[in-house]
A.B. asks: 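Let me begin by handing over the structure; questions about it come next.
Just so it is clear, the model here is predicted, and its values are computed rather than measured.
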Amino acid sequence: MEIDKAIKESDDVRLKTKYNNAVYVIQRALALYSVEEVALSFNGGKDSTVLLHLIRASYYLHVAGKNPSVRDSEDTEIPFPIRTIYFENPTVFPEINSFTYETASTYKLQMDIIRLDFKSGLEALLKANPIRAIFLGVRIGDPTAVGQEQFSPSSPGWPPFMRVNPVLDWSYRDVWAFLLACKVPYCSLYDRGYTSIGSIHDTVPNALLCRSESSSSEDKFRPAYLLSDGRLERAGRAKKLISQSSSVICNGLRSEDVNLQSMFTASVIAVGDEILSGLALLRIGWGPYCVESSI
């Protein structure tokens with residue numbers, strides 16, 4: 001299996017540890033629930049892309065553990081039977097939509113497209129299917145990660161299911177280390193400076209990745225994996241403030257120190273807004289970032 005092989009061949013000890021821990025959580029879920037009882041929440045973001053491939057690798061190892069001949073044959077293709085959920089939203093970036101559908105086609109995902117709000121969509125989905133657990137790409141630092149563990153029941157007032165969080169302890173650096181080591185496709189927006197993607201109304205490229213010397217709009221920002229400080233992953237979520245900062249930075253009208261100070265201020269505002277909205281949403285157990293909190 002290409003994912004498991006890529007990690008084993010990597011020299012990144014930290015990545016191997018994160019991978020092994022995540023696989024353990026997923027295989028534990030597969031031991032507790034049947035394949036028909038689990039689902040993957042996927043929305044085209046970097047975290048859910050990592051999660052998809054972790055589950056692919058884990059399911060392969062799960063099957064290979066029961067059938068050694070599968071592990072011995074590199075040509076054996078194992079179908080991915082886990083139901084995948086995609087909450088389609090009219091405010092999502094077209095690139096996210098395109099990548100999601102391309103991914104579903106490439107890996108032959110059984111994808112349920114839900115065009116309702118999260119709660120109504122989940123209620124309908126769980127009523128029609130025997131789903132008892134949902135894999136989520138929630139990471140520590142996400143607004144909805146507060147109080148969550150690797151296995152966390154849904155909150156009162158919501159459809160009952162187990163939230164399974166295999167990448168809960170992964171950092172921004174871990175996410176990109178995995179994607180680059182495994183050489184799997186990811187949404188093209190990340191190569192254009194976007195580090196955390198929300199809707200088309202509240203997300204812009206991260207100004208810390210701006211190429212001040214570039215005159216081309218196509219090459220104005222460096223890729224997301226070059227962001228050196230993962231704590232500023234969400235800096236591009238404060239649209240108006242970041243847009244102003246980006247213009248100033250790219251025109252070279254501020255010193256490096258003032259630039260950095262303004263970006264730290266912007267990131268605090270971006271995260272603060274999300275935390276304020278996230279806390280209210282946590283009371284009901286689900287929010288707009290819960291499907292992929294650090295998309």
A.B. asks: In chain order, what residues pass the ring pair (Phe, Tyr, Trp, His ring centres under 6.0 Å) check against Y186, with sequence neighbours excluded?
C.D. replies: W176

A.B. asks: Who are the side chain to side chain contact (heavy atoms under 4.5 Å, CB included) partners of A57, not counting sequence neighbours?
C.D. replies: M1, I3, Y19

A.B. asks: Would you please test Y107 and T84 for side chain to side chain contact (heavy atoms under 4.5 Å, CB included) and show each step?
C.D. replies: CA-CA 11 Å; Y107 299 105; T84 305; over 6 Å; no

A.B. asks: Measure the spacing between CG of D47 and CZ of F42 and express it to the nearest 0.5 Å.
C.D. replies: 11.0 Å

A.B. asks: Quick one: is the NZ or CZ of R28 closer than 6.0 Å to the six-membered ring centre of F151, and within 45° of its axis?
C.D. replies: yes

A.B. asks: Flag the pair V164 / I26 as yes when at least one side-chain heavy-atom distance between them is below 4.5 Å, and no otherwise.
C.D. replies: no

A.B. asks: Once you round to the nearest 0.5 Å, how far does CE of M162 lie from CZ of F135?
C.D. replies: 11.5 Å

A.B. asks: Under 3.5 Å, side chain of D229 to main-chain N/O of R231, donor-acceptor pair present?
C.D. replies: yes

A.B. asks: Answer yes or no: is there a side-chain heavy-atom contact under 4.5 Å between D12 and K16?
C.D. replies: no

A.B. asks: Could you list the residues that satisfy side chain to side chain donor-acceptor pair (under 3.5 Å) with Y194, not counting sequence neighbours?
C.D. replies: none

A.B. asks: Is there side-chain contact between L109 and F80, with heavy atoms separated by less than 4.5 Å?
C.D. replies: yes

A.B. asks: Quick check: are there more than 12 heavy atoms from other residues, nucleotides or ligands sitting under 6.0 Å from CG of N20?
C.D. replies: yes

A.B. asks: With V92, which residues qualify under side chain to side chain contact (heavy atoms under 4.5 Å, CB included), at least two apart?
C.D. replies: Y86, I96, N97

A.B. asks: What residues form a salt bridge (Lys or Arg N to Asp or Glu O under 4.0 Å) with R132, not counting sequence neighbours?
C.D. replies: E37

A.B. asks: Sequence neighbours left out, what passes side chain to side chain contact (heavy atoms under 4.5 Å, CB included) with A6? Give chain and number order.
C.D. replies: C182

A.B. asks: Test of understanding: with salt bridge (Lys or Arg N to Asp or Glu O under 4.0 Å), list the residues that count as partners of E102, not counting sequence neighbours.
C.D. replies: none

A.B. asks: Are R163 and S152 linked by a side-chain donor-acceptor pair shorter than 3.5 Å?
C.D. replies: no

A.B. asks: Any side-chain heavy atom of T195 within less than 4.5 Å of one from Y172?
C.D. replies: yes

A.B. asks: Going by salt bridge (Lys or Arg N to Asp or Glu O under 4.0 Å), name the residues that satisfy it together with E95, two or more places apart in sequence or in a different chain.
C.D. replies: R192

A.B. asks: Going by atom types alone, do Q148 and N165 pair a side-chain donor with an acceptor below 3.5 Å?
C.D. replies: yes

A.B. asks: Classify the side-chain pair N89/T91 by whether it contains a donor and acceptor separated by less than 3.5 Å.
C.D. replies: yes

A.B. asks: Mind checking whether T203 and F93 have side chains closer than 4.5 Å, heavy atoms only?
C.D. replies: yes

A.B. asks: In chain order, what residues pass the salt bridge (Lys or Arg N to Asp or Glu O under 4.0 Å) check against R14, with sequence neighbours excluded?
C.D. replies: D174

A.B. asks: Could you tell me whether the side chain of D191 and the main chain of S188 form a donor-acceptor pair under 3.5 Å?
C.D. replies: no

A.B. asks: Short question: side chain of S105, backbone of Y101 - any donor-acceptor pair under 3.5 Å?
C.D. replies: no

A.B. asks: Can you run down the salt bridge (charged side-chain N to carboxylate O under 4.0 Å, His left out) pairs that involve residues 144-162, sequence neighbours left out, and say none if there aren't any?
C.D. replies: none

A.B. asks: Are any of the side-chain heavy atoms of I85 and I134 separated by less than 4.5 Å?
C.D. replies: yes

A.B. asks: Strictly distance-based, threshold 3.5 Å: is any side-chain N or O of D142 a donor or acceptor partner for the main-chain N or O of R139?
C.D. replies: yes

A.B. asks: Once side chain to side chain donor-acceptor pair (under 3.5 Å) is applied, do any residues pair with R56, and if so which ones, sequence neighbours excluded?
C.D. replies: E2, H53

A.B. asks: Side-chain polar contacts of residues 110-118 - donor-acceptor pairs under 3.5 angstrom, sequence neighbours left out - could you list them?
C.D. replies:
unit_1, atom_1, unit_2, atom_2, d
Q110, NE2, P81, O, 3.3
D112, OD1, R83, NH1, 3.4
D112, OD2, R83, NH1, 2.7
R115, NE, E88, OE2, 2.9
R115, NH2, E88, OE2, 3.3
D117, OD1, K119, N, 3.2
D117, OD1, S120, N, 3.0
D117, OD1, S120, OG, 3.3
D117, OD2, S120, OG, 2.9

A.B. asks: Would a 4.5 Å heavy-atom cut-off, applied to side chains only, mark L122 and F87 as touching?
C.D. replies: yes

A.B. asks: Are any of the side-chain heavy atoms of L180 and Y225 separated by less than 4.5 Å?
C.D. replies: yes

